[in-house]
Amino acid sequence: MGDRSSIEWTDATWNPVVGCDRVSPGCDNCYAIAQAIRIQRMGTSSAYEGTTTADGDWSGLVKCLPERLDQPLRWRRPRQIFVNSMSDLFHPDVPDAFIVDVFAVMAAAPQHVFQILTKRPQRMAALLAVDDFTGAVSEATAARIEPRPASEAIEVPPLSNVWLGTSIESDRYTFRANHLRSTPASVRFLSLEPLLGPLPSLDLHQIDWVIVGGESGPNARPLEVEWVRHIRERSLAAGVPFFFKQWGGRTAKSGGRELDGRTWDEEPFVLSQR
């Protein structure tokens, strides 16, 4: 369990990629679709044009936005940054070279902690384990930072300020945790949300953080208390920090956050406090 009191943290999102598709049932009521449609209607950004359809679904268009890459480098105060809340960094339409650039920015901004969540941990594991990827990130990082003494080495993946996670919504998709385990990472986390059923097959070996949450929105599917309790007890037994995000409902706050009379806000230690 981590103590973040030594740093004044600000939560933020960073979306160098927008647009996605439906991978599994957890995507059925995806908040990002509605958000992308709202942004298009407001006319505040052209980045999301073409990513959704007239009937309110993803169009299949995924767009990389290189103009957004350097945003975290301009944020001096430490932030906990959720990467690509409006897409999946490891979507097949995101080029390897662009993923390299994203990791280079994260390496060049060690004051932040970056959280990357994917429903495609197979690609993440395969790409990040390749030596060529590590070398490419090192070169791209050097091009983005100011000159530094030769004795000060550039950190290479697995980066201490980058947490890698995967989403699991039902027992059918617990295999994603296996791919996450084979991914080089300083922190590995599971986002079990929206939790749509029990997870008897879930293996918490080499997992550093478990997040559980119910679905929110007008079509929210119910979350059973026994599903959550079972995951909590297994997390506690394994010594894995457990974070219960919400019960869900029509709004994210509808059902509150208490489980058995208290909130559960455990987090892993922040590994990068430069």
Side-chain angles (χ1 to χ4, degrees), residues 9-72 74-75 79-94 98-99 102 105-106 112-120 124 163-169 173 189-196 211-223 243 245-257:
W9 288 95
T10 301
D11 290 332
T13 57
W14 174 41
N15 288 295
V17 180
V18 296
C20 206
D21 54 10
R22 297 181 187 272
V23 181
S24 56
C27 303
D28 289 351
N29 298 319
C30 179
Y31 73 91
I33 298 175
Q35 194 166 341
I37 292 172
R38 180 179 61 82
I39 292 172
Q40 291 177 75
R41 289 174 176 169
M42 291 173 60
T44 56
S45 172
S46 61
Y48 298 88
E49 289 182 4
T51 60
T52 60
T53 63
D55 58 353
D57 203 350
W58 291 119
S59 68
L61 175 64
V62 173
K63 300 166 70 174
C64 296
L65 307 173
E67 66 273 16
R68 293 186 178 183
L69 279 174
D70 289 339
Q71 283 179 339
R74 299 193 290 269
W75 298 335
R79 302 190 184 196
Q80 185 167 277
I81 300 171
F82 184 39
V83 181
N84 278 346
S85 63
M86 301 294 289
S87 187
D88 189 329
L89 183 62
F90 295 95
H91 189 283
D93 290 344
V94 179
F98 195 81
I99 298 175
V102 170
V105 171
M106 295 188 295
H112 305 313
V113 168
F114 296 87
Q115 297 172 343
I116 299 177
L117 184 63
T118 181
K119 284 187 171 66
R120 296 175 171 88
M124 180 172 69
W163 303 2
L164 301 178
T166 192
S167 299
I168 298 173
E169 66 265 44
Y173 297 97
F189 69 96
L190 297 178
S191 177
L192 312 179
E193 56 177 329
L195 187 62
L196 303 178
I211 305 166
V212 177
E215 191 169 50
S216 60
N219 300 311
R221 291 161 282 187
L223 175 63
F243 187 100
K245 187 174 180 180
Q246 64 187 33
W247 287 105
R250 184 166 183 82
T251 69
K253 297 183 178 181
S254 294
R257 298 187 57 240

Practice task
Start with the C-alpha distance between Asp70 and Val105, add both sets of side-chain angles, then the distance that settles side chain to side chain contact (heavy atoms under 4.5 Å, CB included), and finish with yes or no.
Solution key: CA-CA 7 Å; Asp70 289 339; Val105 171; 4.1 Å; yes

- prompt: So do Ser167 and Tyr173 actually touch side chain to side chain, heavy atoms under 4.5 Å?
  reply: no

query: Tell me, do Trp14 and His112 make a side-chain contact under 4.5 Å, heavy atoms counted?
result: no

_Phe114 six-ring face occupied by Arg79 cation (under 6.0 Å, within 45°)_ = no

So, does [X] use its side chain to make a donor-acceptor pair with the main chain of [Y] at under 3.5 Å?
X	Y	answer
Trp247	Ala252	no
Thr166	Thr118	yes
Gln246	Gly214	yes

Here the side-chain hydrogen bond (donor to acceptor under 3.5 Å, both in side chains) pairs for residues 18-33, sequence neighbours left out, are Asp21-His91, Asp21-Arg120, Arg22-Asp57, Ser24-Glu169, Ser24-Arg176, Asp28-Arg221, Asn29-Glu215

Exercise for the section: Could you check Val113 against Ile81 for side chain to side chain contact (heavy atoms under 4.5 Å, CB included), going step by step and ending with a plain yes or no? Expected result: CA-CA 6 Å; Val113 168; Ile81 300 171; over 6 Å; no

Which heavy atom in [X] sits nearest to a heavy atom in [Y], and how many Å separate them?
X	Y	result
Ile116	Phe90	CG2-CE1, 4.0 Å
Ser191	Leu117	CB-CD1, 3.7 Å
Trp75	Ala12	CZ3-CB, 4.3 Å
Leu89	Ile99	O-CD1, 3.5 Å
Gly248	Ser254	O-CB, 3.8 Å
Val102	Leu69	CG2-CD2, 3.9 Å

Could you give the side-chain donor-acceptor pairs of residues 44-52 under 3.5 Å, partners two or more places apart or in another chain?
{"from": "Ser45", "atom 1": "OG", "to": "Ala47", "atom 2": "N", "distance (Å)": "3.2"}
{"from": "Thr51", "atom 1": "OG1", "to": "Tyr48", "atom 2": "O", "distance (Å)": "2.6"}
{"from": "Thr52", "atom 1": "OG1", "to": "Gln40", "atom 2": "NE2", "distance (Å)": "2.7"}

NZ (Lys245) and CD (Glu193) are apart, to the nearest 0.5 Å, by 4.0 Å

CG of Asp93 to SG of Cys20, rounded to nearest 0.5 Å, is 10.0 Å

Only one of Leu65, Asp88, Val94 passes side-chain contact (heavy atoms from CB on, under 4.5 Å) with Val17, and that residue is Val94

Using side chain to side chain contact (heavy atoms under 4.5 Å, CB included), reason through Val83 and Gln115 one step at a time and then give a plain yes or no. CA-CA 6 Å; Val83 181; Gln115 297 172 343; over 6 Å; no

- State, without any angle test, whether Ser87 and Asn15 hold a side-chain donor-acceptor pair at a distance under 3.5 Å. no

Open item on the list: If you apply the rule side chain to side chain contact (heavy atoms under 4.5 Å, CB included), what do you find for Trp58 with Ile33, and how did you get there?
Closed with: CA-CA 7 Å; Trp58 291 119; Ile33 298 175; 3.1 Å; yes

